[in-house]
Protein chains: 2
Amino acid sequence: MAEADWSHYRALEAVLSEGSLSAAARALGLTQPTVGRQIAELERRLGVVLFTRSPQGLHPTDVARDLRPHAQAMAAAAGALARAASGGAGEARGTVRITASEIVGAEVLPPILARLARAHPGIVIEQVLSNQAEDLLRGAADIAVRMVAPSQEALTARKIGVVRLGLYAHRSYLAHRPAPQSLEEMAGHAIVGFDHETPFLRELLRRLPVSREQFTYRADSDLAQLAAIRAGVGIGFIQHAIARRDPGLVELLAGQLPFELGIWVAMHEDLRASRRMRLTFDALAEGLAGYLAPPP
Amino acid sequence: MAEADWSHYRALEAVLSEGSLSAAARALGLTQPTVGRQIAELERRLGVVLFTRSPQGLHPTDVARDLRPHAQAMAAAAGALARAASGGAGEARGTVRITASEIVGAEVLPPILARLARAHPGIVIEQVLSNQAEDLLRGAADIAVRMVAPSQEALTARKIGVVRLGLYAHRSYLAHRPAPQSLEEMAGHAIVGFDHETPFLRELLRRLPVSREQFTYRADSDLAQLAAIRAGVGIGFIQHAIARRDPGLVELLAGQLPFELGIWVAMHEDLRASRRMRLTFDALAEGLAGYLAPPP
DNA sequence: GAGTTGTTATACGTTTTTGTATGGCTGAGG
DNA sequence: CCTCAGCCATACAAAAACGTATAACAACTC
C-alpha cells in the first residue's frame with residue numbers, strides 16, 4: 001500500500017468539511033485546480049473513489065465518510081502541534097485552546113480570561129464553544145471546562161465545585177401568565193429547553209412534571225435559550241450567578257427544585273510541562289472558584 | 001501563525017523516530033537533502049529550533065520533544081485512515097491492525113488468525129505486540145485484545161472470560177532445587193519476573209511472600225520470560241492453557257494460588273460499519289472463547 | 001429568460017520541490 | 001594510524017506541483 005502524502009489527507013479533510021473543492025481551496029489558501037489534483041492523486045494512491053463530482057459540489061462516497069474521523073484526528077493533532085510550538089515550554093507565551101459550554105464560555109469565562117490576558121499578554125487564547133466533550137485526547141483543545149466528570153485517563157482534572165441552577169422567567173412573561181407556585185402548576189407553562197436529548201435533559205424530565213410537548217422553544221444553542229428566557233419566551237433553567245445579573249429575571253419555585261452540576265477543569269497531562277498551559281489552567285480554576293463562591 | 005505543510009510534520013515524526021535525517025529519509029522513501037530541507041522549512045514556519053545538528057545525527061531540542069506526541073498522533077491517524085481505505089466497508093477485504101500482549105499475540109492468536117485468513121483471504125492482519133493499552137482511540141490499532149477492562153468511551157468492548165494462571169517451573173530447574181510445597185517455601189527460589197512496575201506485578205507482590213531481589217531474571221518482554229521459565233531459569237506465572245502444551249513444565253503449589261485475569265476484545269465503535277473489522281472482531285471473540293474453554 | 005454566482009475540468013507557463021552528485025566531518029574498528 | 005561507515009551541507013539539473021486563465025455546466029435571482 002503506497003503511503004499517501006499527508007498533504008493530500010489535509011486536502012481530503014478540507015473538502016469533507018467545506019463541501020467543495022473551491023471552498024476547500026479557499027480554506028487552505030490554495031487554488032481549486034490544486035485541491036482537485038490532490039484529491040485525484042489521493043484516490044489513485046488509495047485505489048478508492050472518494051467523491052462523485054457534480055456541478056454543485058462534490059458528494060462524498062461511503063468510503064470518504066469512513067475516512068473522515070481519521071482525517072479530523074490528523075487535523076486536530078496538527079493544530080495541537082502548532083499550538084505546542086507557538087511558545088517555548090518555559091515562557092508565558094503562545095496559544096492555548098480552551099473548550100467550554102456555550103454558557104460558560106460566553107457568560108463566565110470572559111472576565112477570567114481578561115485578567116489572564118492582563119497578567120500575561122503573551123498568551124493567546126482560542127475558545128471553542130461546544131457541548132461535546134470528546135476532544136481533549138485528540139488534541140482539538142488543550143484545556144476543557146466541563147460539567148461532567150472527565151472520565152478519560154491521561155487527563156489532569158480538577159473539580160472546582162458545583163454550580164446551582166434555578167428555574168427563571170422574565171417579568172414580561174409573568175405579566176401574561178401567573179407565576180407557578182408549585183411543581184404541579186408547571187404543567188401548563190411554556191418551557192424553553194433543548195432540542196436534542198442530553199443527560200441533563202433526561203434528568204430534568206425525570207424530576208419535573210412536564211412533557212416534551214411543552215418545550216415551546218427549542219434550540220441546541222444554550223445561549224439562544226438564555227436569550228429566549230430573557231426575552232420572555234418562557235420558563236427555563238439558568239445558573240443562579242448568571243440570572244442574578246439581570247434584574248428582570250424572577251426565580252420560580254425557589255428552593256423547591258434544587259439542581260446542581262459539578263464543574264471541572266481538565267487538560268492533557270503532557271501539557272503540564274508548558275508554562276502557559278499551567279498558567280491558564282490555574283487561572284481558570286481560580287477564576288471559576290471565585291465565580292462559584294456566593295456573593296457577600 | 002502560518003499553518004505548515006502536513007508533509008513537514010511527517011518528516012518531523014520520522015526524524016524524531018529514526019534519529020537522523022538519513023534514516024528518516026530511508027524510512028520515508030525520500031532522500032536526505034529533501035528531509036533536511038523540510039525540517040529547515042518547518043523550523044522557519046514554526047519559528048522554533050527543532051534540532052541541534054551534529055555529525056552523528058540530529059539532537060532534538062526540548063520543543064521538538066514536546067511536539068513528538070502530536071506528530072505521533074498524526075502518524076497514527078494517517079495509518080488508520082489508510083487502513084480504513086484499504087477495503088470497501090461492505091467487503092471482507094483490507095487491512096486490520098490488532099494489538100495484544102506479547103504472550104497472547106504469539107501463543108494464542110496465531111491459530112485463530114489462521115482460521116480467519118482461511119475463511120477470508122482478502123483480510124490482511126497487522127499485529128502490534130505491546131503491553132501498553134493507550135492507543136485504540138488514537139488509531140494506532142483497530143482492535144485490541146486486553147487483560148484490563150477498556151475504560152474509554154466510544155469503544156465497543158466484549159468481555160470474553162477469564163484466563164487462569166499458575167506458577168510453573170521446568171523439570172530442569174526442579175532437578176537442582178526441590179519444588180516448593182507451600183507459599184512460605186517460595187522464599188528462597190529464583191523467580192522470573194517483570195522489569196518494570198505493572199499493576200499485575202503489584203498485585204503479585206501483594207499476594208506472594210517474595211521480594212523484588214528474588215527476581216533473578218527480569219525482562220520487559222513476556223515472551224522472553226516464558227522462554228526463560230521453559231529453559232529452567234526459575235519459577236514464574238504462565239497461563240495454564242499455554243503451560244499444558246509443554247510437558248516439561250510442572251505446576252507448583254497447584255490450587256494454592258488462584259490467579260486469574262479478565263480478557264476483553266475492544267474496538268472503536270466507528271469501525272463496526274466495516275465488514276472486515278466486524279469479522280475480525282467476531283473471530284477473535286469466538287477464538288478466544290474457545291481458548292478459554294477447558295479441554296475435555 | 002438573461003444575468004449572477006456557484007461549481008468542476010482542462011491547458012499552459014512558472015515556480016517550487018525533489019533527486020543526484022558531491023564534499024567535509026566525526027567516531028568506531030582493525 | 002588509517003580506513004570505513006555513518007552523518008550533514010551544498011550545488012545543480014530534472015521532475016513534480018502550483019497558479020492563472022478559461023471553458024462548461026447548474027441553480028438561483030430578478
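Note on naming: letters A, B, ... go to the chains in the order of the sequence lines (proteins, then strands), and numbering restarts at 1 for each one.
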Next item on the list: Return no unless some side-chain N or O of Ser22(B) is found under 4.0 Å from OP1 or OP2 of dG6(D).
Entry: no
Margin query: Quick one, Arg146(B) and Thr99(B) - any side-chain contact, counting heavy atoms below 4.5 Å?
Written below: yes
Next item on the list: Find out whether Leu28(A) and Arg10(A) are in side-chain contact, i.e. whether some heavy atom of one side chain is under 4.5 Å from a heavy atom of the other.
Entry: yes
Next item on the list: Report yes if some heavy atom in the side chain of Met277(B) is under 4.5 Å from a heavy atom in the side chain of Met267(B); otherwise report no.
Entry: yes
Next item on the list: Ignoring hydrogens and angles, answer whether the base of dA17(D) and the side-chain atoms of Gln38(A) contain a donor-acceptor pair closer than 3.5 Å.
Entry: no
Margin query: Rounding to an integer number of Å, can you tell me how far Arg44(B) CZ sits from dT16(C) P?
Written below: 11 Å
Notebook entry, point to check: For DNA chain C, whose closest nucleotide is more 5', that of Pro33(B) or that of Arg26(A)?
Noted result: Arg26(A)
Notebook entry, point to check: Would Arg44(A) and Glu41(A) pass as an ion pair if we require N to O under 4.0 Å?
Noted result: yes
Next item on the list: Considering just the side-chain nitrogens and oxygens of Thr34(A), establish if one lies under 4.0 Å of OP1 or OP2 belonging to dA17(D).
Entry: no
Notebook entry, point to check: Given atom CZ of Arg45(B) and atom P of dT17(C), what is their separation to the nearest angstrom?
Noted result: 8 Å
Item checked: Short side-chain N/O contact from Thr31(B) to OP1 or OP2 of dT18(C), under 4.0 Å -> no
Check: If each of Val35(A) and Arg37(B) is mapped to the nucleotide of DNA chain D with the nearest heavy atom, which maps nearer the 5' terminus, i.e. the 5' end?
Finding: Arg37(B)
Checklist line | Ile39(A) CD1 - dA9(C) P separation (whole Å) | finding: 11 Å
Next item on the list: Send over the distance from Leu21(A) CG to dG19(D) P, rounded to a whole Å.
Entry: 14 Å
Item checked: Nearest-Å distance for atom pair CG/P, residues Asp5(B) and dT16(C) -> 14 Å
Margin query: Between P on dT17(C) and NE2 on His8(A), what's the gap in Å once rounded to a whole number?
Written below: 14 Å
Check: Can you tell me how far P of dG6(C) sits from CG of Leu58(A), to the nearest Å?
Finding: 16 Å
Note to self: In whole Å, I'd like the distance from the CG atom of Leu30(B) to the P atom of dA16(D).
What the structure shows: 13 Å
Note to self: Side chains of Thr34(B) and Gln38(B) only: does a donor on one sit below 3.5 Å from an acceptor on the other?
What the structure shows: no
Next item on the list: Kindly point out which of dC8(D), dA9(C), dT18(C) is positioned nearest to the side chain of Gln32(A)?
Entry: dA9(C)
